[in-house]
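Only heavy atoms go into these numbers, but all of them, side chains included; no hydrogens, no water, no symmetry mates. First listed ligand is number 1; within each ligand, the first listed atom is number 1.
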Amino acid sequence: RPRVLSGIQPTAGSFHLGNYLGAVRQWVALQETHDAFYMVVDLHAITVPQDPKELRASTRLAAAQLLAAGLDPERCTLFVQSHVPEHAQLGWVMNCLTGFGEASRMTQFKDKAAKQGTANTTVGLFTYPVLQIADILLYQADAVPVGEDQRQHIELTRDLAERFNARYGRTFTVPAPYILKETARIYDLQDPTVKMSKSASSPKGLVNLLDEPKSSAKKIKSAVTDTDTEIRYDPEAKPGVSNLLTIYSTLTGDAVAGLEQKYAGKGYGALKTDLADVVTEWVTPFRARTQEYLDDPETLDSLLAKGAEKARAVAAETLAEAYDKVGFLPAK
Ligand code: AQP
């Protein structure tokens with residue numbers, strides 16, 4: 001079976017529709033066809049300040065949401081990044097192979113650093129994509145299911161895998177991004193030209209899966225569309241309506257063309273009301289399942305411990321090979 005690896009940050013509490021439709025939904029599907037490794041990336045989370053107690057709670061919360069979304073520990077390996085020390089260990093090697101200039105070109109870093117200001121920007125935030133390289137290469141992943149915003153980081157991962165292989169001999173699989181065109185980018189409901197994002201979206205533009213369904217329904221009903229009334233999928237000319245159609249289509253499995261027909265001549269109000277119901281129907285059992293996992297932290301923790309054990313077996317083997325190739329003296 002080909003292998004996939006991906007991760008999600010624990011930081012923000014609830015996942016949002018962008019995380020789910022852009023990434024996690026694909027993770028669930030890929031566990032049926034791939035040898036799948038998924039992790040909650042707490043090492044990445046501390047690139048910006050975190051309250052320790054909250055970080056622990058949000059790490060469990062992220063794992064609970066992944067299970068509630070449909071990840072099955074029998075079908076995939078689900079773990080917490082810090083439970084597998086090899087990530088930080090290979091991360092250092094990758095830091096020493098990555099050019100300062102090429103890391104400086106990462107647009108996500110530039111955006112976030114610009115927002116935070118130099119005084120608040122950590123070296124960790126700068127090398128975050130390099131740790132991500134180690135995350136992926138440790139598992140010899142063939143593909144990395146992510147949203148469009150991660151494409152540049154996957155390209156850098158490919159470059160570094162090739163560089164390491166060229167310098168030290170074939171060691172790493174060169175991974176490909178796995179980005180579904182339709183859901184590559186879910187947009188902010190209030191500004192459908194920018195991605196829905198935890199840190200950048202206004203509260204009204206962001207649909208968190210664990211929010212009260214009533215509040216999410218309200219946000220969908222007041223989503224920005226355009227002055228026209230035609231329901232047509234056209235991301236260039238009609239970004240707001242197209243975003244709603246994407247969300248509707250992926251949550252229900254109804255084709256976009258069918259939705260265009262269904263709502264022809266009915267106006268945006270009808271589409272929004274129905275989509276609000278679709279989202280409510282999806283999040284209601286999701287919230288309940290997440291709560292069930294949270295109510296039993298012992299089971300959750302032992303499940304994550306088993307996942308870490310499985311992950312470590314693979315990661316340790318890759319790290320040993322990489323250390324050997326680099327020329328580190330083996331510990332007796
Ligand atoms: N709007 C989006 N559309 C499609 N995919 C998205 N992803 C995130 N936003 C969208 C994908 O979700 C996965 C996990 O991303 P993350 O760990 O970066 O989660 P996050 O920090 O909660 O994501 P945000 O909201 O994008 O954070 P900020 O605002 O801090 O930048 C990834 O595969 C990502 O592509």
**Message:** Using the rule given for side-chain hydrogen bond (donor to acceptor under 3.5 Å, both in side chains), can you reason through Thr107 versus Gln152, listing the C-alpha separation, both sets of side-chain angles and the distance that settles it, and then say yes or no?
**Reply:** CA-CA 8 Å; Thr107 56; Gln152 195 187 26; 3.2 Å; yes

**Asked** Where do Tyr139 and His87 land on the ring pair (Phe, Tyr, Trp, His ring centres under 6.0 Å) test, with the steps shown first?
**Response** CA-CA 10 Å; Tyr139 298 90; His87 289 258; 5.5 Å; yes

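When each atom of ligand 1 is checked for a heavy atom of Met196 under 4.0 Å away, the hits are 1 (N), 2 (C), 9 (N). In summary, the atoms of ligand 1 found under 4.0 Å from a heavy atom of Ile8, numbered by their order in the structure, are 14 (C), 17 (O). Atoms of ligand 1 lying under 4.0 Å from at least one heavy atom of Gly22, given by number and element, are 4 (C), 5 (N). Near Gln150, meaning under 4.0 Å from any of its heavy atoms, are these atoms of ligand 1: 35 (O). Each of the following atoms of ligand 1 lies closer than 4.0 Å to a heavy atom of Thr183: 4 (C).
The shortest N/O to N/O separation between Gly147 and ligand 1 falls below 3.5 Å. Here's the thing with Lys198: one of its N/O atoms is less than 3.5 angstrom from an N/O atom of ligand 1. An N or O contact shorter than 3.5 Å is missing between Ser6 and ligand 1 by distance. Close N/O approach between Lys195 and ligand 1 is found [any backbone or side-chain N/O within under 3.5 Å]. Considering backbone and side-chain N/O of Glu148, none are found under 3.5 Å from N/O of ligand 1. Below 3.5 Å of separation, one finds no N or O of Gly7 facing any N or O of ligand 1. Residue-to-ligand polar distances keep Thr11 apart from ligand 1: every N/O pair is separated by 3.5 Å or more. Taking any N or O of His16, backbone or side chain, at least one lies under 3.5 Å from an N or O belonging to ligand 1. Looking at Val146 next to ligand 1, no N or O pair under 3.5 Å apart turns up.
Only side-chain heavy atoms of Lys112 come within less than 4.0 Å of ligand 1; its backbone N, CA, C and O stay farther off. Heavy atoms of Arg185 found under 4.0 angstrom from ligand 1 belong exclusively to the backbone. Residue-level proximity to ligand 1 for Ala23 is carried by the side chain, the only part with a heavy atom below 4.0 angstrom. Residue contacts with ligand 1 for Val41 are absent, since no atom lies close enough (heavy atoms, distance under 4.0 Å). The proximity of Ala184 to ligand 1, defined as any non-hydrogen pair under 4.0 Å, is limited to the backbone.
Partners of Ser215 by side chain to side chain contact (heavy atoms under 4.5 Å, CB included), not counting sequence neighbours, listed by chain and number: Asp211, Glu212, Lys219.
Salt-bridge check for Arg60 with Asp301: passed, with a basic side-chain N closer than 4.0 Å to an acidic carboxylate O. Ionic pairing of Glu155 and Arg151 is not present here: no N-O contact between side-chain nitrogen and carboxylate oxygen is shorter than 4.0 angstrom.
Applying the ring-ring contact (aromatic ring centres under 6.0 Å, His included) test to pairs two or more places apart or on separate chains, those with a residue in residues 291-327 are Tyr323-Phe328.
Proximity annotation for atom 3 (N) of ligand 1: of Ile186, Asn208, Val144, Ile186 comes nearest, heavy atoms only. One option in Thr47, Leu206, Asp149 has a heavy atom closer to atom 34 (C) of ligand 1 than any other, and that option is Asp149.
Within the 3.5 Å criterion, the main-chain N or O of Pro175 finds no donor-acceptor partner in the side chain of Asp142. Looking at Lys238, its side chain does come within 3.5 Å of a backbone N or O of Glu230 through a donor-acceptor pair. Under a 3.5 Å cut-off, the side chain of Gln81 and the backbone N or O of Leu43 do form a donor-acceptor pair.
Residues Val146 and Phe79 share a single hydrophobic cluster, defined by chaining ILVMFWY side chains whose heavy atoms lie under 4.5 Å apart. Linking ILVMFWY side-chain heavy atoms closer than 4.5 Å, directly or via other members, places Val48 and Phe15 in two distinct hydrophobic clusters.
A donor atom on one side chain and an acceptor atom on the other are not found under 3.5 Å apart for Lys112 and Tyr128.
Note: Phe164 and Tyr168 have tilted aromatic rings, judged against thresholds of 30 and 60 degrees for the angle between ring planes.
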